[in-house]
Amino acid sequence: MKSRLQVGLFPMVWALAKALDLVSREVSHHHTRVACLTDSIAVELGLPLADRRNLLLAALLHDAGALSLQGRLEALSFETDGITHSQAGYALLSLSPHLADVARLVLHHHTSYNLLKSIAPDLSQANIINLADRLDVMLPRRGGAVESVDDAVIKLAGNAGTMFHPDYVAALRRASMRGSLHECFSSPWALLNRLDPAMACETLDTQGLLDFSAVFSHIIDFRSRFTATHSRGVAACARKLGELSGFTEEEQLEIYLAGLLHDIGKLAISSEILEKPAGLSEDEFHRMKTHPERTAEVLGEIPGLERVNRWASQHHERVDGSGYPHGLKGPELEIGSRIMAVADIFTALSEDRPYRSGMTEEQTRSVLTELCETGALDPIVANLLFANYAALDAERRGAQLSALSEFKAFSEWLEQRTANGPINNFMEELHESVG
């Protein structure tokens, strides 16, 4: 699929890192601070630009695998499950060929220096992320006992040669003496403004955009076994409806990305609500209704994805103004937003949920028809779906089955690793299991 979309790599990953922080207020800006600290150490070490790039990406995404361990994520407490969440992050990120090197760093971001130098000496730089992560966790806002950044650095230095690489600790101390660490706590997002020009100008091609978005659709959906394939189904359905509506190739790509990322704001919703096997209370439903706004906040930080953002964040708006979060109606809703609404409801009706089984074609048609008659959905879009129901359902089903196979491989691989402890050849085994 050809596209003229120009999306910067680091703005994209930076925004996705912000999405990870939505899971809990306790981890607000944790990923950006760790990235800033990691880069400060890398600069002191004089690492090549390619190494700095991979370290930054890995630091921004280092806890991606912790979302199924939300209780520990909220406290940033991983001493007993560091292997598990590191492996989970590795497994998720390895689904993208573009992130293979980054995934390997994430895999070892909690591995001690002593162990790392014996099992994976070529990945010693992962210990930089470990050092940066531990520094952020130790500070008062994390509930630790350390009074200041400089005190924390001194305390960490006591683990040089065991937990942390001596050279990395020395680089951290130099950065502390220069005062360059303090910006990471006062304004970690400023790191974007001081990126090396070569990194700042790096853009994602079409496949890169799809890869990053697909990985994050997994991270969103894997939080609940009942939504483990939802985003992929919505994306496939929306793209097909876009094609039938006369969308250009670029517009089809944009609406597919919108489908993959439309629920990224659900990272701010607790797993208890997402997996509740009954109707939501008024308060729970109110909290659930905030997720499109969170989606808009995250995607709004990515220049080049403005239309993707509108379509994704408006998937619960309705033509008659009865939707949320802004009650948009009529001409205020673009065709892409109307397609997203139909694709989201169609996919949700067709898949199993904690409180019901997926609906039959007859039941699905009945619900969508009623929503058109009441003015909630665009009848033109719905009729496109009805006229091409078999093709749309095949697109949805195929995409969801593909996502399901990846989810099962991920779960089985992680379960085996958790039971057997750390082993070698992680990447080869995961790729074999995914097929």
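A quick note: this is a predicted structure, and the numbers were derived from the prediction, not measured. For this chain, numbers begin at 1 and follow the sequence in order.
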[atom2] on [Y] to [atom1] on [X], rounded to 0.5 Å:
| X | Y | atom1 | atom2 | answer |
| --- | --- | --- | --- | --- |
| L377 | L371 | CG | CG | 4.5 Å |
| L244 | R239 | CG | CZ | 12.5 Å |
| I339 | D344 | CD1 | CG | 13.5 Å |
| L107 | H85 | CG | NE2 | 10.5 Å |
| L56 | F10 | CG | CZ | 5.0 Å |
| L135 | L181 | CG | CG | 6.5 Å |

Quick one: does [X]'s side chain get under 4.5 Å of [Y]'s, heavy atoms only?
| X | Y | result |
| --- | --- | --- |
| N130 | L116 | no |
| Q314 | M340 | no |
| R194 | E183 | yes |

Under the ring pair (Phe, Tyr, Trp, His ring centres under 6.0 Å) test, residues paired with H315 that sit two or more places apart: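 With neighbours one apart ignored, the set is H262, H291.
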F212: what forms a ring pair (Phe, Tyr, Trp, His ring centres under 6.0 Å) with it, not counting sequence neighbours?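 Ring pair (Phe, Tyr, Trp, His ring centres under 6.0 Å) list for F212, sorted by chain: empty.
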Determine whether the side chains of [X] and [Y] contain a donor N or O and an acceptor N or O closer than 3.5 Å.
| X | Y | answer |
| --- | --- | --- |
| H109 | D133 | no |
| H30 | D136 | yes |
| S402 | R232 | yes |
| D320 | S322 | yes |
| Q363 | T360 | yes |
| E351 | H230 | yes |
| Y168 | S124 | yes |
| S231 | D263 | no |
| W311 | E254 | no |

Just by distance, do the side chain of [X] and the backbone of [Y] share a donor-acceptor pair under 3.5 Å?
| X | Y | value |
| --- | --- | --- |
| S337 | L333 | no |
| S96 | H98 | yes |
| E373 | E370 | no |
| D51 | L47 | no |

If you count every heavy atom of other residues, nucleotides or ligands that lies below 6.0 Å from M199 atom CE, does the total exceed 12?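 More than 12 within 6.0 Å, yes.
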Heavy-atom neighbours of R365 CZ exceed 12 at 6.0 Å: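 Yes.
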Walk me through whether W14 and L57 qualify under side chain to side chain contact (heavy atoms under 4.5 Å, CB included). CA-CA 9 Å; W14 200 271; L57 294 176; over 6 Å; no
By salt bridge (charged side-chain N to carboxylate O under 4.0 Å, His left out) - contacts of E306 (at least two apart):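 E306 satisfies salt bridge (charged side-chain N to carboxylate O under 4.0 Å, His left out) with no residue once adjacent residues are dropped.
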Less than 6.0 angstrom separating the ring centers of F346 and Y389, yes or no?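 They qualify: ring centres under 6.0 Å apart.
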Begin with the C-alpha distance, continue with both residues' side-chain angles, and end with the deciding distance and a verdict on side chain to side chain contact (heavy atoms under 4.5 Å, CB included) for L61 and H31. CA-CA 7 Å; L61 301 173; H31 294 86; over 6 Å; no
